[in-house]
Amino acid sequence: VAIYSMLIHGLCKAQKIDDACKFFEQMKEKGCRPNVVTYTALIGGLGKARRLADAVLYYEEMQDQGCTPNVVTYSTLIDGMGRAGEVEKACKLFGEMKSRGCCPNVYTYTSLIRVLFKAGRVDLAWEAFNEMKCRNQVPNVFTYNVVIDGLLKVKRFQDALHVCQEMCRTDSRPDQVTYNTLISGLGKAGHLYEAQELFHQMKEKGPSPNAITYAAMIDMLGKAEHVNEAVNFFVEMKIKGFMPDVVCYSSLIDMFGKVGQLLEAKRCFEEMRKQGCKRNVVVYNCILDALGKAGYVDEVALTFKEMQQEGFVPDVFSFNVVIDAYCNAGDLKEAQKLFEEMKEKGCYPDLITYSTLIKGLAEVGRMAEAARLFEEMEATYHA
RNA sequence: GAAAAUCUAUUCCA
């Protein structure tokens, strides 16, 4: 059983979740009874793959088999529920485990807090954070980082600061992630100066900046349109030996697009290939937007085709960007074609898709069609 | 032999 569990865990880690499931079924056929570790490994793998329904099935199956979930199982499943956006279910499970006499540990609380913050239930998250301390579950670096990130994202800077101070008094001293969290949180709130201060602090007394720190700085400066500074950080990070990843390139391309430096955006996009940095849908969306905003619809069309040829499946963002480009070029026909295409492909238009197309129709005076689309939108999103 | 991977990127309008 231990060997099977190990293998299943390995398959899950390697994102080969279907193989893990198959393997799991095989082991049962061969008469080897999975234990709580096996089930938990599989539930964890399914949760990370956002396959909550299957995870829950196995959770039920294990109980039918007389295998009792333990604190690891509960924590794992709460995390999976969070990834699937099922806050209520996560809370319910948390209550259930307690009533069954299973004591939540640091992992459980950290997962729960993260789930609650992500769902915008800040007060409940805060409550859980206090509850864990009352129950003598000592928050660790992960817990603190999750709490600080959650507070910053809802702009509760004072509270975040207090948590930082509390953290400094414990054994869980702030690490790179803590600093990165603070830098990006402050950056998003427009506190560039404070973020830069923190960056210098990192350089002077550690923990030293890593690739993500640089990426966060570059993104922040890019959004503030401080192009030269962003580029300086980009150069510096490469000198320090950090390979910019696809996220970092996306920030740069987006920045160049927004400030109208299309050539630079394209250069970055090409540089990625030379550096062997793999592209993804997001970075394609960035370059599509840059091209579109500069008015190069033909290149948008070419690049849109290229991304699909390379095996990327356009998402709502991609369609919205491309539809916007066509609308701004006055080519409503093509925009509407894409609108239909996305529906056919199972990529459902969202509110942004509708407003983009409505705006496009209105701008060329096709008010009746715009109104009709508006009704369609209301019908879809008000039901 | 099982659990948090915690932090960085993209679309309309404002």
Side-chain angles (χ1 to χ4, degrees), chain A residues 1-10 12-13 34-45 47-48 70-80 82 105-115 117 140-150 152-153 175-185 187-188 210-220 222-223 244-255 257-258 280-290 292-293 315-325 327-328 350-360:
Chain A
V1 184
I3 292 173
Y4 273 110
S5 303
M6 228 165 76
L7 287 168
I8 285 170
H9 177 232
C12 290
K13 272 255 175 338
N35 63 16
V36 61
V37 176
T38 331
Y39 274 110
T40 303
L42 195 59
I43 289 170
K48 297 240 185 318
N70 63 17
V71 62
V72 181
T73 319
Y74 286 116
S75 310
T76 306
L77 193 53
I78 286 173
D79 175 66
N105 63 17
V106 196
Y107 285 83
T108 326
Y109 277 109
T110 305
S111 297
L112 182 72
I113 292 169
R114 180 167 167 273
V115 169
F117 270 122
N140 61 20
V141 193
F142 286 90
T143 321
Y144 280 115
N145 289 343
V146 166
V147 172
I148 291 168
D149 181 55
L152 288 173
K153 294 218 159 102
D175 64 357
Q176 284 180 326
V177 176
T178 319
Y179 274 92
N180 293 347
T181 305
L182 287 166
I183 287 175
S184 91
K188 292 234 160 42
N210 62 15
I212 294 188
T213 321
Y214 278 99
M217 290 299 291
I218 290 168
D219 185 59
M220 171 183 86
K223 294 225 163 36
D245 68 354
V246 61
V247 174
C248 191
Y249 277 109
S250 303
S251 293
L252 276 173
I253 292 169
D254 187 55
M255 169 186 79
K258 297 245 153 60
N280 64 12
V281 176
V282 176
V283 75
Y284 263 105
N285 293 345
C286 292
I287 193 75
L288 284 171
D289 191 46
K293 293 285 189 296
D315 61 9
V316 205
F317 284 73
S318 323
F319 279 106
N320 290 349
V321 166
V322 177
I323 288 173
D324 186 53
C327 284
N328 289 327
D350 62 6
L351 289 171
I352 294 181
T353 322
Y354 278 102
S355 37
T356 304
L357 204 48
I358 290 169
K359 182 180 69 103

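Quick note on labels: first sequence line is chain A, next is B, and so on, each numbered from 1.
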Does rA2(B) have OP1 or OP2 under 4.0 Å away from a side-chain N or O of K48(A)?
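So the side chain of K48(A) is outside the cut-off, no N or O lying under 4.0 Å from OP1 or OP2 of rA2(B).
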
Residue-phosphate contact under 4.0 Å: K153(A) side-chain N/O, rU8(B) OP1/OP2
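Affirmative; the distance criterion is met.
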
Grab the [atom1]-[atom2] distance between [X] and [N] for me, whole Å please.
{"X": "Y144(A)", "N": "rC7(B)", "atom1": "OH", "atom2": "P", "result": "18 Å"}
{"X": "I43(A)", "N": "rA3(B)", "atom1": "CD1", "atom2": "C1'", "result": "11 Å"}
{"X": "D79(A)", "N": "rA2(B)", "atom1": "CG", "atom2": "P", "result": "16 Å"}
{"X": "Y249(A)", "N": "rU8(B)", "atom1": "OH", "atom2": "C1'", "result": "15 Å"}
{"X": "N145(A)", "N": "rA4(B)", "atom1": "CG", "atom2": "C1'", "result": "11 Å"}
{"X": "D149(A)", "N": "rA4(B)", "atom1": "CG", "atom2": "C1'", "result": "14 Å"}
{"X": "N180(A)", "N": "rU8(B)", "atom1": "CG", "atom2": "C1'", "result": "8 Å"}
{"X": "I78(A)", "N": "rA2(B)", "atom1": "CD1", "atom2": "C1'", "result": "16 Å"}

Please list, one pair per line, the donor and acceptor atoms closer than 3.5 Å that link side chains of residues 1-9 of chain A to other protein atoms, with sequence neighbours excluded.
unit_1, atom_1, unit_2, atom_2, d
S5(A), OG, V1(A), O, 2.8
S5(A), OG, T38(A), OG1, 2.9
H9(A), NE2, K13(A), NZ, 3.3

With the sugar-phosphate defined as primed atoms, P, OP1 and OP2, and the base as all remaining atoms, what B/S/- string results for nucleotides 9-14 of chain B, 5' to 3', for protein heavy atoms under 4.0 Å?
BBBBS-

Can you name the closest pair of heavy atoms from A41(A) and C12(A) and give their distance?
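Heavy-atom minimum between the residues: O-SG, 3.7 Å.
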
Out of [options], which nucleotide sits closest to the side chain of [X]?
{"X": "T76(A)", "options": "rU6(B), rA3(B), rG1(B)", "result": "rA3(B)"}
{"X": "V146(A)", "options": "rU6(B), rA4(B), rU8(B)", "result": "rU6(B)"}
{"X": "I212(A)", "options": "rA4(B), rG1(B), rC7(B)", "result": "rC7(B)"}

V283(A) versus V247(A): any side-chain heavy-atom pair under 4.5 Å?
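A side-chain contact under 4.5 Å is absent here.
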
Heavy-atom distance under 4.5 Å between the side chains of V141(A) and V177(A), does that happen here?
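Heavy-atom side-chain distance check fails, nothing below 4.5 Å.
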
Kindly write out the residues that satisfy ring-ring contact (aromatic ring centres under 6.0 Å, His included) with Y214(A), not counting sequence neighbours, or none if the list is empty.
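Counting only residues at least two positions away or on another chain, Y214(A) forms a ring-ring contact (aromatic ring centres under 6.0 Å, His included) with F199(A), F242(A).
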
Select base, sugar-phosphate, or nothing to describe what [X] touches, counting heavy atoms under 4.0 Å on all strands.
{"X": "A2(A)", "value": "base"}
{"X": "N35(A)", "value": "base"}
{"X": "T40(A)", "value": "base"}
{"X": "S184(A)", "value": "sugar-phosphate"}

Is it the case that the side chains of N180(A) and T213(A) hold a donor-acceptor pair, with the cut-off being a distance below 3.5 Å and no angle test?
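A pair is found: one side chain offers a donor N or O, the other an acceptor, under 3.5 Å apart.
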
Is the shortest distance from a Lys or Arg side-chain nitrogen in D79(A) or R114(A) to a carboxylate oxygen in the other one below 4.0 Å?
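Judged by the 4.0 Å cut-off on N to carboxylate O distance, D79(A) and R114(A) do form a salt bridge.
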
